[in-house]
There are 2 protein chains.
Amino acid sequence: MTKPDNAPNLYDQWLDSLSESGYRVTAPRRAIVEIVANSPRALGPLEIYDQGRAEYRGLGLVTVYRTLEKLEELGLVQRVHHPQGCHMYLRAADGHEHLVLCTSCGKAEYFSGDNIDKLTHAVARKTGFEIREHWLQLFGLCSDCKNK
Amino acid sequence: MTKPDNAPNLYDQWLDSLSESGYRVTAPRRAIVEIVANSPRALGPLEIYDQGRAEYRGLGLVTVYRTLEKLEELGLVQRVHHPQGCHMYLRAADGHEHLVLCTSCGKAEYFSGDNIDKLTHAVARKTGFEIREHWLQLFGLCSDCKNK
DNA sequence: TTGATATTGAAAACCTTTTTCAATTATAGC
DNA sequence: GCTATAATTGAAAAAGGTTTTCAATATCAA
């Protein structure tokens, strides 16, 4: 949308990032990166493993875990807490963004522009807490699932 | 020890609720209810099990799981997602409330009065989602941990 | 091309949660 | 207060999901 056409896609960006950080770019990692970078929804390790084997036969589940760990460490991927399933992984947010998740198909979209400063101040005053960060996720039906 | 409290405390309320729903009030359940109802922080099954055995020797971990399941079903307890640990249990909110969690000691407090309607409408317009619910948690330092 | 070493997958180990099952216990009805 | 009966219990086993171990393999710098 706001991305120039010649901009490198996430797939290339992530592989470059791995490489630049001294990690090796291997066939299993390419398969995993391709799947997670292009997924519209957060995926669990097992889903990634299943999809990944369609692309790279010998892929091991262990490698999925290890690769996700590295992608998360590099800030490329982030763990998402669904009501069911707390080890789901999604491309990371761009700065300060939050998620809207479709309760039907799982589709995830980031949005920005939350302004909860007034709220955090009020809570800080009332509870005595010093607020450092917040988690915000919206749930609902995406435009596709809404029309069914 | 049992709570000699004349006001309707959570402990009594929860046991009554179990009883009224046709569930039996047993020694293991009393131990579990006492711990969870009085805890200032969300607890995991293993923590509850450990603390519970101090009160009821023969307590089994399985019973902790089963009792939490019933307390949740009755709306007395709710599951809390911490960054680490997604199976933590805490006394349920009173209506529409959200949590502030202390990142140091885990202390949990509910607050109300969030107004994110404007936000959900904006997000709905931008993304095409039909927003049904939201999930909001604040993190920070409680007044005790702040002064250290 | 080669060599050092990061990475791999299989298997085993772990840890948490669920199921199974015989024994126990709370409670309603007498 | 008893008794019958059905819910509840804890131990053990099973089931998941995640992590560790380790020898074999593949990447990448030189």
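Just so it is clear: chains get the letters A, B, ... in the order the sequence lines come, proteins before strands, and each one is counted from 1.
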Exercise. Mind calculating the distance between CG (B/D50) and P (C/dC15) to the nearest angstrom?
Key: 14 Å
Quiz item: Looking across every strand, which nucleic acid part, if any, lies under 4.0 Å from A/R66 by heavy atom: base, sugar-phosphate, or nothing?
Solution: base
Quiz prompt | First of A/V62 and A/K70 reached from the 5' end of DNA chain C, by closest nucleotide | solution = A/K70
Quiz item: What integer distance in Å separates A/L59:CG from C/dA10:P?
Solution: 9 Å
Practice problem: May I ask you to verify if any side-chain N or O of B/R29 is less than 4.0 angstrom from the OP1 or OP2 atom of D/dT9? | Solution: yes
Practice problem: Starting at atom CG of A/L46, determine the distance to atom P of D/dT18, rounded to an integer number of angstrom. | Solution: 8 Å
Quiz item: CE of A/M88 versus P of D/dG17: gap in Å, rounded?
Solution: 12 Å
Exercise. Please state whether the phosphate of C/dT17, meaning OP1 or OP2, lies under 4.0 angstrom from any side-chain nitrogen or oxygen of B/H87.
Key: yes
Quiz item: B/L68 CG to C/dT16 P: how many Å, rounded?
Solution: 15 Å
Exercise. Would you indicate whether the side-chain heavy atoms of B/L90 and B/L99 approach each other to under 4.5 Å?
Key: yes
Quiz prompt | B/N115 side chain vs B/D117 backbone, donor-acceptor pair below 3.5 Å | solution = yes
Exercise. Take atom CD of B/E69 and atom C1' of D/dT8, then tell me their distance rounded to the nearest Å.
Key: 13 Å
Quiz item: Are A/F111 and A/H98 side-chain neighbours, meaning at least one heavy-atom pair lies under 4.5 Å?
Solution: yes
Quiz item: A/L15 CG to C/dT7 P: how many Å, rounded?
Solution: 13 Å
Exercise. Identify the residue among A/H82, A/E47, A/E109 that makes a side chain to side chain donor-acceptor pair (under 3.5 Å) with A/R41.
Key: A/E47
Exercise. Would you give a per-nucleotide map of nucleotides 24-29 of chain D, 5' to 3', where B means the base has a protein non-hydrogen atom under 4.0 Å away, S means only the sugar-phosphate does, and - means neither?
Key: --BBS-
Practice problem: Report yes if the side chains of A/Y11 and A/E34 come closer than 4.5 Å at any heavy-atom pair, otherwise no. | Solution: yes
Self-check item: Between P of C/dT16 and OH of B/Y65, the distance in whole Å
Solution: 7 Å
Practice problem: For the residue pair A/Y110 and A/R91, establish whether any side-chain heavy-atom pair is separated by less than 4.5 Å. | Solution: yes
Exercise. Scan for salt bridge (Lys or Arg N to Asp or Glu O under 4.0 Å) pairs involving residues 61-87 of chain B, sequence neighbours excluded, and state none if there are none.
Key: none
